[in-house]
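Along the sequence shown, residues carry numbers from 1. First listed ligand is number 1; within each ligand, the first listed atom is number 1.
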Amino acid sequence: MKDQVMDGIRHVKVGTYEYSRFEKIHNVVFEKSSKASYLVAKEIADIIRDKASKGEKCVLGLATGSSPIRVYEELIKMHKEEGLSFKNVITFNLDEYYPMNPESIHSYHYFMNEHLFNHIDIPKEQIHIPDGTIPQEEIHAYCKAYEEKIEQAGGLDFQLLGIGRTGHIGFNEPGSHFNSITRSITLDQLTREDAAGSFLGIENVPKKAITMGVGTVKSAKRIVLLAWGHKKAEIVKKTIEGEEDAHIPATYLQDHPNTTFVLDTEAASMLTRFESPWLVDAVEWRNPMIKRAVVWLCDKLEKSILRLTDKDYNENGLASLLAEKGSSYELNIEMFNQLQHTITGWPGGKPNADDTNRPERKSPERKRVIIFSPHPDDDVISMGGTFDRLVAQGHEVHIAYQTSGNIAVSNADALKFAEVAMDFLPEGKELEKIQKAIQSINKKKENEIDPVEVRELKGLIRKRESIAATRYFNVPDDQVHFLNLPFYETGAVKKNPLGQKDIEIVKDLIAKVRPHQVYAAGDLADPHGTHKVCLDAVFKSMRELKSEPFMKDCWLWLYRGAWHEWEIHEIDMAVPMSPDQVLRKRKAIFFHQTQKDGVLFQGEDLREFWVRAEDRNKKTAAHYRKLGLADYAAIEAFKRFDY
Ligand code: F6R
C-alpha cells in the first residue's frame with residue numbers, strides 16, 4: 001500500500017474528512033511506523049519552533065509505552081543534528097504507576113529520562129510527571145495541583161497518546177468519565193497483562209496508577225494518537241468506527257475537533273476501508289482482493305464458496321465483482337480452485353509430480369532448507385508439522401535459532417539446572433563457574449538484570465531444550481545452529497537495534513547452506529518485538545546476498561509467530577496435519593520445558609504455547625472446511641515473500 005500522506009499528517013483537513021462514512025476520527029495510515037513517527041516528531045518540532053520564534057512556551061503532553069519511542073528518537077535526532085532546542089518546552093506526562101519509585105527501571109520517570117529527557121536541553125524544572133511516591137491521603141490534592149499547573153502553563157498545545165487494548169488513553173480505563181481530571185485509578189487486568197512482559201511477570205505489575213483524566217487530555221489544542229501493529233487493530237476499529245462509549249474511553253476523542261490517529265497498516269487493518277474496501281469505494285478487482293472478498297462473503301453468510309449465488313454477491317456490496325466476472329458460478333469455481341491449490345502435504349515440493357498448480361517446485365527433489373526461528377521454540381510452535389514433514393520427506397533441514405532467548409528462563413529453572421550440574425560434576429574449574437551462577441541467582445533482587453554468567457546458563461538451557469526437540473524430529477545436531485544474535489543480548493526486554501554484525505551472522509549461514517527454501521517468522525509489523533527484528537535480519541541478509549547465483553533458486557516462506565495466523569486470502573501454502581502429526585508437534589513443543597506452565601512472557605494470551613498452536617492450526621483447518629474444502633485436523637499456513 002502507498003502511504004496516503006507523503007508530506008505531513010495534517011494533509012487531510014479535519015472536519016472535511018471523507019475516507020469512509022464509517023469513520024468518526026481523522027486518521028492517516030503508513031506502511032512503516034518509522035516514517036509515521038518521523039512526521040509526528042516533525043509536527044511537534046514545528047510547534048516548538050513556531051512558539052520559540054514568538055517568544056512563547058510550548059506545552060507538550062507526553063506518553064510512555066512502546067508506541068512513542070521512535071517519535072522521541074526522532075526528536076533527539078532533530079535536537080542533535082538540527083539544533084532543535086527544548087528550552088521553551090514545558091512537558092506534562094500522562095501517567096505514572098502507583099506506588100512507584102522514580103528510580104525504578106519500571107517507572108515512567110525512568111522511561112522518559114532514558115528515551116527523551118536525558119538527551120535534550122529541556123530545563124529539569126519544566127518537566128512534570130505524576131509522582132508515584134506521594135502518600136495515599138495526599139493524592140487528591142496532588143492531582144488537583146497537577147491540573148492547575150497545566151492550566152498555569154497555558155494549557156496543552158499538543159498531546160501525544162498511545163492506546164491500550166482496553167481502549168484506555170493515559171490510564172483512563174473503561175468506565176472513565178468523559179470529563180475526568182487527573183486522579184488515581186485501578187488498572188484493568190488486560191492492561192496489567194500487557195505490562196507483564198517488562199515487569200517479568202504480572203504479579204510485579206502495580207495495581208494502580210495516577211493518570212491525567214479524559215477531560216485533561218481533551219483540553220489539548222491538538223491530539224495525535226499512535227497505534228502500531230496487529231494487536232491494536234481491533235481496538236482501533238472500535239474507537240474510530242464505533243459509537244462513543246464509556247467502555248472504550250478513546251472513543252471520547254470522536255468529538256475532539258483536532259485529533260489525528262496515526263496508524264501503520266497492521267493497526268489500521270480492521271477498518272472497513274481496509275477489511276472490506278468494496279463497501280467504501282470502487283475497487284479494482286484483482287487478486288488477492290477477489291479472494292479476500294469471496295472469503296469475506298462466505299464468512300458473513302456462513303456459506304461455502306460453491307454455494308454462493310448471484311443474489312449473495314449483489315446484496316452484499318459485491319455487485320461490481322459479479323459484473324466483472326459474469327456469473328457467480330464461474331467466480332466460485334475459480335476461487336475454489338485457487339484455495340484448493342494452496343493445500344499440499346509436500347511443503348518441499350512433490351517429486352515427479354506436475355507442479356503447475358502446486359505451491360512449491362518439484363525439483364530439486366532433495367532441497368536444502370533453513371528454518372529461522374526468532375526464539376528457541378518458534379520453529380516447533382509455529383511450523384512444527386511442516387518441519388516434521390520436511391525432514392521425513394528427505395530434505396536437508398537446518399534450524400537457525402536467531403536469539404538465545406535467555407531472558408525467558410525463570411531463576412528457579414536456572415537454579416535447578418545449575419544445581420544438577422553442581423551435584424554431578426567432579427571438583428574443578430567449571431565448578432567455580434556454576435557456583436558463581438548459583439550465588440548470583442540467590443543474590444539477585446527481583447527484576448534485576450541477570451549477570452553475564454546467569455544469562456549464559458539460561459541461554460544454554462534453552463539450547464539443550466531445542467536440541468532435544470530437533471533430535472525428536474531427526475535433525476542431525478550439526479544442522480542445528482545457534483546464532484545468538486548480538487542485538488538481543490542486553491539482558492533486558494529492551495533490545496539493541498539490529499546491527500551489521502547480526503546481519504553478517506545470518507548471511508554467513510545462508511551462504512554456507514545455499515538453501516532452496518528459507519522459512520522465517522513473518523511478523524511484519526510489530527515494530528519493537530524481537531520477531532520483527534529477526535525478520536529484518538533475514539530480509540536484509542537475503543537482499544545483500546541476492547546477486548549470488550544460488551539465491552535465484554531460493555524461495556522465502558513466511559510463517560506467523562505464536563500470536564496470530566495469516567488471513568485465508570494471504571495464504572500461499574497450507575500444510576495439513578493428521579491427528580498423529582498434531583500429537584508429534586505437541587511433543588516437540590513440550591521439550592521446551594522452561595516455556596511451559598509458568599512462562600515468563602505470557603503476553604496477552606493466557607493459554608500455553610502448545611494450546612495456542614493447536615487452536616490456531618485447528619481454526620485454519622476449520623476455516624478451509626467451512627469454505628467447502630477438505631476436512632483436516634489442522635493446517636499450518638505460509639505466505640511466499642518476494643524479497
Ligand atoms: C502511557 C499510557 C498508555 C499507553 C498505552 C499503549 O503513558 O498512558 O495509555 O499509551 O497503554 O501502550 P503501548 O504504546 O506500549 O502499546
Side-chain angles (χ1 to χ4, degrees), residues 33 36-37 40 60-73 91-98 100 102 106-117 127-132 146 156 158-174 176 180 182-199 205-206 208-214 216-218 220 223-236 238-239 248-253 259 261-264 266-267 493-495 525-529 532 563 601 603-604:
S33 59
S37 300
V40 173
L60 299 179
L62 299 179
T64 57
S66 61
S67 311
I69 290 177
R70 188 72 186 239
V71 172
Y72 296 146
E73 281 170 10
T91 64
F92 289 90
N93 260 82
L94 280 167
D95 40 22
E96 176 60 282
Y97 290 108
Y98 185 85
M100 180 55 72
H106 300 307
S107 76
Y108 283 170
H109 283 76
Y110 183 90
F111 177 99
M112 288 308 297
N113 290 334
E114 278 285 292
H115 289 284
L116 185 65
F117 298 142
I127 296 171
H128 306 85
I129 305 176
D131 183 352
Y146 200 77
L156 300 165
F158 182 101
Q159 176 65 56
L160 191 60
L161 293 177
I163 183 167
R165 285 189 308 133
T166 58
H168 70 213
I169 44 175
F171 273 143
N172 292 284
E173 297 288 16
S176 295
S180 51
T182 305
R183 68 205 186 288
S184 107
I185 54 96
T186 300
L187 293 173
D188 201 273
Q189 173 69 8
L190 193 60
T191 301
R192 294 184 64 238
E193 281 169 19
D194 280 349
S198 52
F199 278 87
V205 183
K208 292 192 159 256
I210 295 176
T211 181
M212 276 187 195
V214 177
T216 329
V217 168
K218 282 181 72 180
I223 298 176
V224 170
L225 183 146
L226 313 172
W228 321 129
H230 186 268
K231 72 176 194 180
K232 297 289 170 76
E234 200 175 325
I235 196 66
V236 163
K238 285 184 183 158
T239 304
I248 304 176
T251 57
Y252 290 135
L253 297 173
T259 291
F261 277 24
V262 179
L263 312 170
D264 66 3
E266 293 264 327
V493 171
K494 190 171 185 301
K495 307 295 186 298
D526 169 20
H528 305 290
K532 174 72 169 75
W563 318 110
F601 296 101
E604 66 239 36

Notebook entry, point to check: So, for Ile163 and Ala250, which heavy atoms are closest and what is the spacing to 0.1 Å?
Noted result: CD1-CB, 3.6 Å
Next item on the list: Verify the distance criterion only: is there a donor paired with an acceptor across the side chains of Ser176 and Arg183 at less than 3.5 Å?
Entry: yes
Check: What residue and atom, counting heavy atoms only, is the protein's closest point to atom 8 (O) of ligand 1, and at what distance?
Finding: Asp95 OD2, 2.3 Å
Margin query: Centre-to-centre under 6.0 Å for Phe171 and Tyr98, is that the case here?
Written below: no
Check: Hey, does the side chain of Thr211 reach the backbone of Asp95 with a donor-acceptor pair shorter than 3.5 angstrom?
Finding: no
Margin query: With respect to Gly170, determine whether any N or O atom, backbone or side chain, lies less than 3.5 Å from an N or O atom of ligand 1.
Written below: yes
Check: Within the distance-only criterion (no hydrogens, no angle test), does the side chain of Lys218 pair as donor or acceptor with the backbone N or O of Tyr252 below 3.5 angstrom?
Finding: yes
Next item on the list: Would you mind running through ligand 1 and noting each atom that sits below 4.0 Å from a heavy atom of Gly65?
Entry: 14 (O), 15 (O)
Check: Asn172 side chain to Met212 main-chain N or O, any donor-acceptor pair under 3.5 Å?
Finding: yes
Notebook entry, point to check: Quick one: does Lys232 get an N or O within less than 3.5 Å of an N or O on ligand 1?
Noted result: yes
Next item on the list: Identify, for atom 14 (O) of ligand 1, the protein heavy atom at the shortest distance, and state residue, atom and that distance.
Entry: Ser67 OG, 2.4 Å
Check: At a 4.0 Å threshold, what atoms of ligand 1 neighbour a non-hydrogen atom of Leu94?
Finding: 8 (O)
Checklist line | Atom of Ile223, atom of Val217 and distance for their closest heavy-atom approach | finding: CD1-O, 3.5 Å
Next item on the list: Identify, for atom 15 (O) of ligand 1, the protein heavy atom at the shortest distance, and state residue, atom and that distance.
Entry: Ser66 N, 2.7 Å
Item checked: Atoms of ligand 1, numbered as shown, that sit under 4.0 Å from any heavy atom of Gly162 -> 10 (O)
Checklist line | Lys232 to Ser67 - nearest heavy-atom pair and separation | finding: NZ-OG, 3.9 Å
Margin query: Can you report which non-hydrogen protein atom sits closest to atom 6 (C) of ligand 1, along with the distance?
Written below: Ile163 O, 3.4 Å
Notebook entry, point to check: How far is atom 1 (C) of ligand 1 from its nearest protein heavy atom, and which residue and atom is that?
Noted result: Thr64 OG1, 3.1 Å
Notebook entry, point to check: So which heavy atom in the protein is nearest atom 5 (C) of ligand 1, and how far is it from that ligand atom?
Noted result: His168 NE2, 3.3 Å
Check: Taking only heavy atoms of Ala63, which atoms of ligand 1 are found under 4.0 Å from at least one of them?
Finding: 7 (O)
